[in-house]
S.K.: 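Have a look at this one before I ask anything.
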Amino acid sequence: MSLVAEAFVTQIAAAEPWPQNAALYQPLKDEQVLLSDNAACLAVQAFLQMCNLPVQVVCRANAEYMSPSGKVPFIHVGNQVVSELGPIVQFVKAKGHSLSDGLDEVQKAEMKAYMELVNNMLLTAELYLQWCDDATVQEITHPRYGSPYPWPLNRILAYQKQWEVRRKMKAIGWGSKSLDQVLEDVDQCCQALSQRLGTQQYFFNKKPTELDALVFGHLFTILTTQLISDELSEKVKGYSNLIAFCRRIEQHYFEGRDKDSLATVPSPTLRQSLMT
């Protein structure tokens, strides 16, 4: 298909209304999904909830390999398959749904800068912890990542992924970092987010944007995921307004929603995690 024809097909698809059978694909929730992927999936779920767009969550052991970009989550809407938050935001915008249209150009630039900060710090820290911290790798990452597959494929796929991530970490200068340095980066990111949020409901005015969905996805997942130690979640717990922010989104966009839609309450809930 030529680029012109492909653009025309995409334009036609964008003009179609959001279907009731839209699906969001992610790894197996209980036994397979890792911290970083769970955060990414929850961020997209939150974004679609904020746009009031229904979608059914479908868990597949091979979701990562089904995705056009090799990353989760991805959505299947009509004849279109789109992966990762950024492209999904653009796809949804083409269908007439946007959370950031009310922002001016300066605010949009600021929003994008904070989203880059989250991806560069929180996401990278999650990947580092999963694949570069030896204790976490052996006790959590390898067993979960390879859980759907028989031996020796489970080991082969886990080591292959570990090699890919560690190579990326070296390329961006994180390969030689200690865990303490990574945790300090997380703390600095949380401090910047906390200062920007202040006493507001959301990062920009009284309505959420894709930044709110992204931050919620990562912070909520960090707060509610059981790891070998609590060092990562303790960094987030040091900022009360960020915890209140996560709880507010959980209550408003997930609790009490129709169980047949995507918006089932994330498990465990934030309240349960903070009480343990």
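Atom set for the values below is all heavy atoms of this structure, side chains included, hydrogens, waters and symmetry mates excluded.
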S.K.: Give every donor-acceptor pair under 3.5 Å between a side-chain atom in residues 183-193 and any protein atom, sequence neighbours left out.
M.R.:
| unit_1 | atom_1 | unit_2 | atom_2 | d |
| --- | --- | --- | --- | --- |
| D185 | OD2 | K177 | NZ | 2.4 |
| D187 | OD1 | Y239 | OH | 3.0 |

S.K.: Between Q251 (side chain only) and R248 (backbone N and O only), is there a donor and an acceptor less than 3.5 Å apart?
M.R.: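 Looks like no, no N/O pair under 3.5 Å.
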S.K.: Starting from L28, can I reach I140 by hopping between I/L/V/M/F/W/Y residues whose side chains sit under 4.5 Å apart?
M.R.: no
S.K.: Could you give the distance from CG (L117) to CG (L122), rounded to the nearest 0.5 Å?
M.R.: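 These two atoms lie 7.0 Å from each other.
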S.K.: Is it the case that the ring center of F254 lies less than 6.0 angstrom away from the ring center of F216?
M.R.: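 Between F216 and F254, the centre distance is under 6.0 Å.
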S.K.: So, Y128 versus Q181: side-chain donor-acceptor pair below 3.5 Å or not?
M.R.: no
S.K.: Please give me the minimum heavy-atom distance between D30 and R144, naming the atom from each residue.
M.R.: O-NH1, 3.0 Å
S.K.: How long is the span from the CD atom in E126 to the CG atom in L227, to the nearest 0.5 Å?
M.R.: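 If we round to the nearest 0.5 Å, E126:CD and L227:CG are 9.5 Å apart.
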S.K.: Of the non-hydrogen atoms in A22 and P54, which two are nearest, and what is the gap between them?
M.R.: CB-O, 3.8 Å
S.K.: Looking only at heavy atoms, which two atoms of L48 and L24 are closest? And how far apart?
M.R.: CD1-CD1, 4.2 Å
S.K.: Say you draw a straight line from NE2 of H97 to CZ of F91; how long is it, rounded to the nearest 0.5 Å?
M.R.: 10.0 Å
S.K.: Under a 4.5 Å side-chain heavy-atom rule over Ile, Leu, Val, Met, Phe, Trp and Tyr, are L129 and L123 clustered together?
M.R.: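 Shared cluster, yes.
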S.K.: Apply ring pair (Phe, Tyr, Trp, His ring centres under 6.0 Å) to F47 and list each qualifying residue two or more places apart in sequence or on a separate chain.
M.R.: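 Checked F47 against ring pair (Phe, Tyr, Trp, His ring centres under 6.0 Å); zero matches.
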S.K.: Between the side chain of W131 and the main-chain N/O of R166, is any donor-acceptor distance below 3.5 Å?
M.R.: no
S.K.: Contact between N241 and Q200 at the side-chain level, heavy atoms closer than 4.5 Å - yes or no?
M.R.: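 N241 vs Q200: side chains apart.
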S.K.: Of the non-hydrogen atoms in M169 and C132, which two are nearest, and what is the gap between them?
M.R.: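 Heavy-atom minimum between the residues: CG-SG, 3.8 Å.
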S.K.: Taking side chain to side chain donor-acceptor pair (under 3.5 Å) as the criterion, tell me which of Q32, K161, Q26 meets it with E64.
M.R.: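 Looking at Q32, K161, Q26, the match for E64 under the side chain to side chain donor-acceptor pair (under 3.5 Å) is K161.
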S.K.: Using a 4.5 Å cut-off on heavy atoms from C-beta on, say whether the side chain of K207 contacts that of L99.
M.R.: no
S.K.: Is T124 reaching over with its side chain to a backbone N or O of N119, donor-acceptor style, under 3.5 angstrom?
M.R.: yes
S.K.: K168 and L127: side-chain contact (heavy atoms from CB on, under 4.5 Å), yes or no, with the steps?
M.R.: CA-CA 10 Å; K168 176 184 176 180; L127 289 170; 4.1 Å; yes
S.K.: Could you check whether any side-chain heavy atom of L42 comes within less than 4.5 Å of a side-chain heavy atom of H218, counting everything from C-beta outward?
M.R.: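 Heavy-atom side-chain distance check fails, nothing below 4.5 Å.
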S.K.: Are V165 and I172 connected in the hydrophobic side-chain network, where two residues link if heavy atoms are under 4.5 Å apart?
M.R.: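 Same cluster: V165 reaches I172 through Ile, Leu, Val, Met, Phe, Trp or Tyr contacts under 4.5 Å.
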S.K.: Same cluster or not: are W163 and Y149 linked, directly or through other Ile, Leu, Val, Met, Phe, Trp or Tyr residues, by side-chain heavy atoms under 4.5 angstrom apart?
M.R.: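 Hydrophobic grouping puts W163 apart from Y149.
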S.K.: Check whether any side-chain heavy atom of V77 lies under 4.5 Å from a side-chain heavy atom of V82, and answer yes or no.
M.R.: no
S.K.: To the closest 0.5 Å, what do you measure between CD (E84) and SG (C41)?
M.R.: 10.5 Å
S.K.: Surrounding NZ of K71 (heavy atoms of other residues, nucleotides or ligands, distance under 6.0 Å), is the total greater than 12?
M.R.: no
S.K.: So, do F204 and E110 sit near enough that their side-chain heavy atoms are less than 4.5 Å apart?
M.R.: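 Counting from C-beta outward, F204 and E110 do come under 4.5 Å.
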S.K.: Main chain of L35, side chain of Q130: is a donor-acceptor contact present, judged purely on distance under 3.5 Å?
M.R.: yes
S.K.: Return the minimal non-hydrogen interatomic distance between P27 and A63, and the atom names on each side.
M.R.: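 Distance-wise, the nearest heavy atoms are N-CB, 3.8 Å.
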S.K.: Say whether, by atom type as modelled, one donor and one acceptor occur between the side chain of S147 and the main chain of E31 under 3.5 angstrom.
M.R.: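 Confirmed, S147 side chain pairs with E31 backbone.
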S.K.: Going by side chain to side chain contact (heavy atoms under 4.5 Å, CB included), name the residues that satisfy it together with E139, two or more places apart in sequence or in a different chain.
M.R.: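 With sequence neighbours excluded, E139 shows a side chain to side chain contact (heavy atoms under 4.5 Å, CB included) to I228, given in chain and number order.
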S.K.: Taking the side chain as C-beta and beyond, is there a heavy-atom pair between W18 and K95 under 4.5 Å?
M.R.: yes
S.K.: Do R247 and E250 sit within salt-bridge range, that is, some charged N less than 4.0 Å from a carboxylate O?
M.R.: yes
S.K.: Tracing side-chain links under 4.5 Å among I, L, V, M, F, W and Y, which residues wind up in one group with V81?
M.R.: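 When side chains under 4.5 Å apart are linked, the cluster holding V81 also contains Y25, V58, M66, F74.
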S.K.: Sequence neighbours excluded, which residues qualify as side chain to side chain contact (heavy atoms under 4.5 Å, CB included) partners of Y159?
M.R.: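 If we apply the side chain to side chain contact (heavy atoms under 4.5 Å, CB included) test to Y159, skipping adjacent residues, the hits are H142, R155, Q162.
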S.K.: As a quick check of understanding, evaluate side-chain contact (heavy atoms from CB on, under 4.5 Å) for Q56 and N21, giving each step before the final call.
M.R.: CA-CA 7 Å; Q56 183 68 37; N21 64 346; over 6 Å; no
S.K.: Quick check for you: to the nearest 0.5 Å, what is the distance between S100 atom OG and E210 atom CD?
M.R.: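 One gets 3.5 Å once the value is rounded to the nearest 0.5 Å.
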S.K.: In terms of ring plane angle, is the pair Y202 and Y253 parallel, tilted or perpendicular, where the classes change at 30° and 60°?
M.R.: tilted
S.K.: Where do P73 and I88 come nearest, in terms of heavy atoms and distance?
M.R.: O-CD1, 4.5 Å
S.K.: Same hydrophobic cluster for I75 and L53, using side-chain heavy-atom links shorter than 4.5 Å among ILVMFWY?
M.R.: yes
S.K.: S98: what forms a side-chain hydrogen bond (donor to acceptor under 3.5 Å, both in side chains) with it, not counting sequence neighbours?
M.R.: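 side-chain hydrogen bond (donor to acceptor under 3.5 Å, both in side chains) check on S98 returns D101.
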S.K.: If you round to the nearest 0.5 Å, how far is CD1 of I222 from OG of S233?
M.R.: 8.5 Å
S.K.: Considering only heavy atoms from C-beta outward, does the side chain of M115 approach that of L85 to under 4.5 Å?
M.R.: yes
S.K.: Do the side chain of D37 and the main chain of V33 share a donor and acceptor less than 3.5 angstrom apart?
M.R.: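 Side chain of D37 to backbone of V33, a donor-acceptor pair under 3.5 Å: no, none is there.
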S.K.: When you check the gap from the basic side-chain N to the acidic O, do K206 and D212 get nearer than 4.0 Å?
M.R.: no
S.K.: Is the closest side-chain heavy-atom distance between V215 and V118 below 4.5 Å?
M.R.: yes
